[in-house]
Amino acid sequence: MPELPEVETVARQLSARVEGRVIRRLTILDDLLRRETPPPLAGAVISSVFRAGKQVIFELTHDRRPQWWLAVHLRMTGRLLVHENPRVSIPHLRARFRLDQGSLLFVDTRRFGTFGWRERHEDILPNAVEPLSRRLTPRRFRQLIGNSRSPIKTWLLRQDRLVGLGNIYASEILHEAHIAPQRHACDLDDEEIANLTRATKKILRRAIRNCGTTFSDFQDADGVEGSYQNYLFVYGRDGEGCRRCDGTIEREVQQQRSTFYCRRCQH
DNA sequence: ACGCAGACCTGTACGC
DNA sequence: TGCGTACAGGTCTGCG
């Protein structure tokens, strides 16, 4: 489910609510979350919560020294919720962190979500370029693309170059940039790359301001819904009119995933 | 290097 | 009501 703006929203909410809390006990209820063995956690302090790519990172400290970073990847349906009642049981609850006050819950219908335990900060997301960082200039964007002949929509989903974009925002960004999703990445000219860079930052910032997009599964840590779905220009709108020109939004499958675009104003 | 199929899971929507 | 199919915000592996 969640892409960069949704994960950013969750991380901000959790940062306000669980930073400084002490972990009393971790209970893992789904064996799929045990692919990496959790370290002993009792007494660890959640000293910081932040986003890296599409992951929520919890910095865990013992005696004021960071010892582990827990990287939670929500994948399609993962949610992190804070609940005052530590005994609460809700459907698809996969893990519970019992805190000195309340609980942090990991809920995940489809069970694709993962927990990763890192001993070094550098191991969280090596080589990643964050799209909202100042490092992402048109020049850097061009470098990242190199001579890739992938369709640009497909390229935007690669997490080994640029992190955080997913299926919704890739379509929205290309529409904002007036670029057709089928274009070979390496064929984009300088003006198009500049537009793409601008569109990427603009769309992501606007989505973060609106706490992300809500579909059936996404809720932030307080159970509050995002509102960006009211701003979608193309995603999920096939057959409907383009909000920018007289065209009609079409759906096309690329790499087994839906892409939405307007062939009238995206070239 | 790339595209493609299938896998991992569970749920919902829709046609018959 | 029930059954089959398609589809879902993500990512990995194997094959050609």
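Quick caveat: nothing in here was measured; it's all calculated off a predicted structure.
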Phosphate oxygens OP1/OP2 of [N]: is one of them under 4.0 Å from a side-chain N or O of [X]?
X: A/Arg257; N: C/dT11; result: no
X: A/Lys54; N: C/dG9; result: no
X: A/Arg251; N: C/dC7; result: yes
X: A/Tyr235; N: C/dG9; result: yes

Could you tell me the separation between the [atom1] atom of [X] and the [atom2] atom of [N], rounded to a whole number of Å?
X: A/Gln256; N: C/dC12; atom1: CD; atom2: P; value: 15 Å
X: A/Tyr169; N: C/dG9; atom1: OH; atom2: C1'; value: 9 Å
X: A/Ile168; N: C/dG9; atom1: CD1; atom2: C1'; value: 5 Å
X: A/Asp108; N: C/dG9; atom1: CG; atom2: C1'; value: 12 Å
X: A/Arg110; N: C/dG10; atom1: CZ; atom2: C1'; value: 9 Å
X: A/Phe260; N: C/dG9; atom1: CZ; atom2: C1'; value: 11 Å
X: A/Arg237; N: C/dA8; atom1: CZ; atom2: P; value: 17 Å
X: A/Glu3; N: C/dA8; atom1: CD; atom2: P; value: 13 Å

Flag the pair A/Glu6 and A/Lys54 as a salt bridge only when some basic side-chain nitrogen lies within less than 4.0 angstrom of an acidic carboxylate oxygen. no
Any salt bridge between A/Arg51 and A/Glu130, counting N to O under 4.0 Å? yes
Contacts of A/Arg34 that satisfy side-chain hydrogen bond (donor to acceptor under 3.5 Å, both in side chains) - sequence neighbours left out: A/Asp31
Please check this pair: side chain of A/Thr248 against backbone of A/Gly239, looking for a donor-acceptor N/O pair closer than 3.5 Å. no
Fellow cluster residues of A/Leu157, listed by chain then number, with links counted only when side-chain atoms sit under 4.5 Å apart: none
Tracing side-chain links under 4.5 Å among I, L, V, M, F, W and Y, which residues wind up in one group with A/Trp69? A/Phe50, A/Ile57, A/Ile124, A/Leu125, A/Val163
Assign each of A/Gln254 and A/Arg35 to its nearest nucleotide of DNA chain B by heavy atoms, then name whichever residue's nucleotide is nearer the 5' end. A/Gln254
Euclidean distance for [atom1], [N] against [M] (whole angstrom):
N: C/dC3; M: B/dC8; atom1: P; result: 24 Å
N: C/dA6; M: B/dA5; atom1: P; result: 14 Å
N: B/dC9; M: C/dG4; atom1: P; result: 22 Å
N: B/dG3; M: C/dG9; atom1: C1'; result: 22 Å

ring-ring contact (aromatic ring centres under 6.0 Å, His included) filter on A/His184, not counting sequence neighbours, yields none
Should the ring pair A/Tyr231 and A/Tyr228 be called parallel, tilted or perpendicular, given that the plane angle runs from 0 to 90° and is split at 30 and 60? parallel
How are the rings of A/His175 and A/Phe233 set relative to one another: parallel (under 30°), tilted (30 to 60°) or perpendicular (over 60°)? tilted
With a non-hydrogen cut-off below 4.0 angstrom, is [X] in contact with a base, only sugar-phosphate, or nothing?
X: A/Thr114; answer: nothing
X: A/Pro151; answer: sugar-phosphate
X: A/Gln159; answer: sugar-phosphate
X: A/Leu157; answer: nothing

Note every stem involving DNA chain B: at least three consecutive Watson-Crick or G-U wobble pairs, i with j then i+1 with j-1, with both distances under 3.5 Å. B:2-8 with C:10-16, B:10-16 with C:2-8
Give the first and the last nucleotide of DNA chain B, reading 5' to 3', that has any atom under 4.0 Å from a heavy atom of chain A. B/dC2 to B/dG11
Does the side chain of A/Thr154 pick up a donor-acceptor pair with the side chain of A/Gln255 at under 3.5 Å? no
According to a hydrophobic-cluster definition based on side-chain heavy atoms being under 4.5 Å apart (Ile, Leu, Val, Met, Phe, Trp, Tyr only), do A/Ile168 and A/Tyr261 belong together? no
